[in-house]
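Report on the following structure.
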Amino acid sequence: MLIATWNVNSLKARLPRVTTWLEEVQPDVVCMQETKMNDAAFPALTFEEMGYSTAHFGQGQWNGVALLSKVPMKNVVANFAVGEPDHEARIITADCGGILVTSVYVPNGRALDHEHYQYKLRWMKQLRAHAEALTTPQGKLVIAGDYNIAPEDRDVPDPAKLVGQTHVSDAERKVLADLCGWGLRDVFRDHYQESKLYSWWDYRGGDFHQGRGMRIDLMLATQAVADKTSWVGVDRNSRKGEQPSDHAPVLMMVDA
DNA sequence: ATGGTGGCCCGGCCA
């Protein structure tokens with residue numbers, strides 16, 4: 001089963017590229033983020049014609065997450081599975097062919113002294129509670145999406161330049177490590193050790209072409225899933241060309 | 001230190 005995550009940065013703006021990509025790559029399950037539309041505007045029929053079941057949790061012009069699945073999808077949960085519901089559309093979960101799959105769009109944080117940063121830290125703690133509520137560390141769970149956190153210094157080009165900024169702070173990395181400590185593996189890191197492998201590049205300043213990005217789109221999987229993961233990759237080509245998202249898809253192949 | 005690009009939708013906000 002090929003599972004992908006992609007922050008599309010507006011599904012309305014990206015739909016032609018998304019459908020072309022689905023035809024080429026044929027992922028079985030897709031976690032999508034930043035659809036930036038209402039549920040009524042979500043092009044479910046377009047995806048259904050391509051063989052996908054869909055679930056969307058939107059709120060309008062910001063945020064919005066979705067799941068596409070070619071394998072039977074059931075038990076859809078919009079929002080957190082436990083605790084106070086988030087007031088923004090950032091998380092959706094479903095059972096896709098026996099694997100619990102959660103698509104997440106973690107709050108950006110904006111700045112270390114901003115209220116939004118505290119929201120981000122709280123959000124990550126609730127995400128751990130969400131995982132605990134869904135299953136045990138021995139279960140089959142993938143939480144994939146835009147975490148807006150670069151887990152380690154090797155996930156950014158120049159750590160010294162980012163001191164004092166979001167995405168790399170100790171507190172953010174700690175709440176991510178705490179989530180993984182529950183029983184999730186960063187499957188990309190199980191397969192690649194080198195630095196300078198990214199999933200997001202700012203539109204500005206020619207960052208993509210100059211290799212300035214961050215690895216902030218993560219696929220976290222319980223051990224049972226990670227053990228069956230034969231391949232992981234970032235589809236950099238999808239960051240090229242006309243009207244790209246600023247994120248590239250990340251993919252993992254889970255053997256039956 | 002700022003602003004750069006590109007979403008939202010048309011004046012800034014957000015990333």
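In what follows, chains carry the letters A, B, and so on, assigned in the order in which the sequence lines appear, proteins first and then strands, with residues in each chain numbered from 1. The shown structure was predicted, so the numbers you read here are calculated from the model rather than taken from an experiment.
Residues passing the salt bridge (charged side-chain N to carboxylate O under 4.0 Å, His left out) test with A:Glu242: none are found, sequence neighbours excluded. Under the ring pair (Phe, Tyr, Trp, His ring centres under 6.0 Å) criterion, A:Phe47 pairs with A:Phe42, not counting sequence neighbours. Listed by chain and number, the residues in a salt bridge (charged side-chain N to carboxylate O under 4.0 Å, His left out) with A:Asp178 are A:Lys174 (sequence neighbours excluded). Partners of A:Trp21 according to the ring pair (Phe, Tyr, Trp, His ring centres under 6.0 Å) rule, which considers only residues two or more places apart in sequence or in another chain, are A:Trp6. Every residue two or more places apart in sequence or in another chain was checked for a ring pair (Phe, Tyr, Trp, His ring centres under 6.0 Å) with A:Tyr117, and none qualifies. The salt bridge (charged side-chain N to carboxylate O under 4.0 Å, His left out) test applied to A:Arg110 returns no partner, not counting sequence neighbours. Partners of A:Phe188 under the ring pair (Phe, Tyr, Trp, His ring centres under 6.0 Å) rule, at least two apart in sequence or in another chain, are A:Tyr192.
The P atoms of B:dG7 and B:dT2 are separated by 26 Å, rounded to the nearest whole Å. Distance noted for atom C1' between B:dA1 and B:dG11: 25 Å (whole Å). Look at the P atom in both B:dC10 and B:dT5: the space between them is 23 Å, to the nearest Å. Using P as the reference atom, B:dC8 and B:dG3 are 24 Å apart when rounded to the nearest Å.
Closest approach of A:His191 to A:Val232, counting heavy atoms only: CD2-CG2, 3.5 Å.
Within residues 163-174 of chain A, no residue approaches DNA chain B, by heavy-atom distance under 4.0 Å. Less than 4.0 Å separates DNA chain B from no heavy atom of any residue of residues 238-249 of chain A.
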Please list, pair by pair, any protein nitrogen or oxygen found under 3.5 Å from a nitrogen or oxygen in nucleotides 8-14 of chain B.
residue, atom, partner, partner atom, Å
B:dC8, OP1, A:Ser10, OG, 2.8

Is there any protein nitrogen or oxygen under 3.5 Å from a nitrogen or oxygen in nucleotides 3-5 of chain B, and what are the pairs?
residue, atom, partner, partner atom, Å
B:dG4, O6, A:Arg204, NH1, 2.9

Let me check something: any side-chain donor-acceptor pairs from residues 77-87 of chain A under 3.5 Å, sequence neighbours excluded? List them with distances.
residue, atom, partner, partner atom, Å
A:Asn79, OD1, A:Asp86, N, 2.8
A:Asn79, ND2, A:Asp86, O, 3.0
A:Asp86, OD1, A:Glu88, N, 3.4
A:Asp86, OD1, A:Tyr119, OH, 2.9
A:Asp86, OD2, A:Tyr119, OH, 3.0
A:Asp86, OD2, A:Trp123, NE1, 2.8

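A chain of hydrophobic side-chain contacts below 4.5 Å, direct or via other Ile, Leu, Val, Met, Phe, Trp or Tyr residues, connects A:Leu68 to A:Met219. A:Tyr105 and A:Ile149 end up in different hydrophobic clusters when Ile, Leu, Val, Met, Phe, Trp and Tyr side chains are linked at under 4.5 Å.
For the residue pair A:His247 and A:Ser199, no side-chain donor N or O sits within less than 3.5 Å of a side-chain acceptor on the partner.
At a threshold of 4.5 Å between non-hydrogen side-chain atoms, the residues A:Val234 and A:Pro249 do not count as touching.
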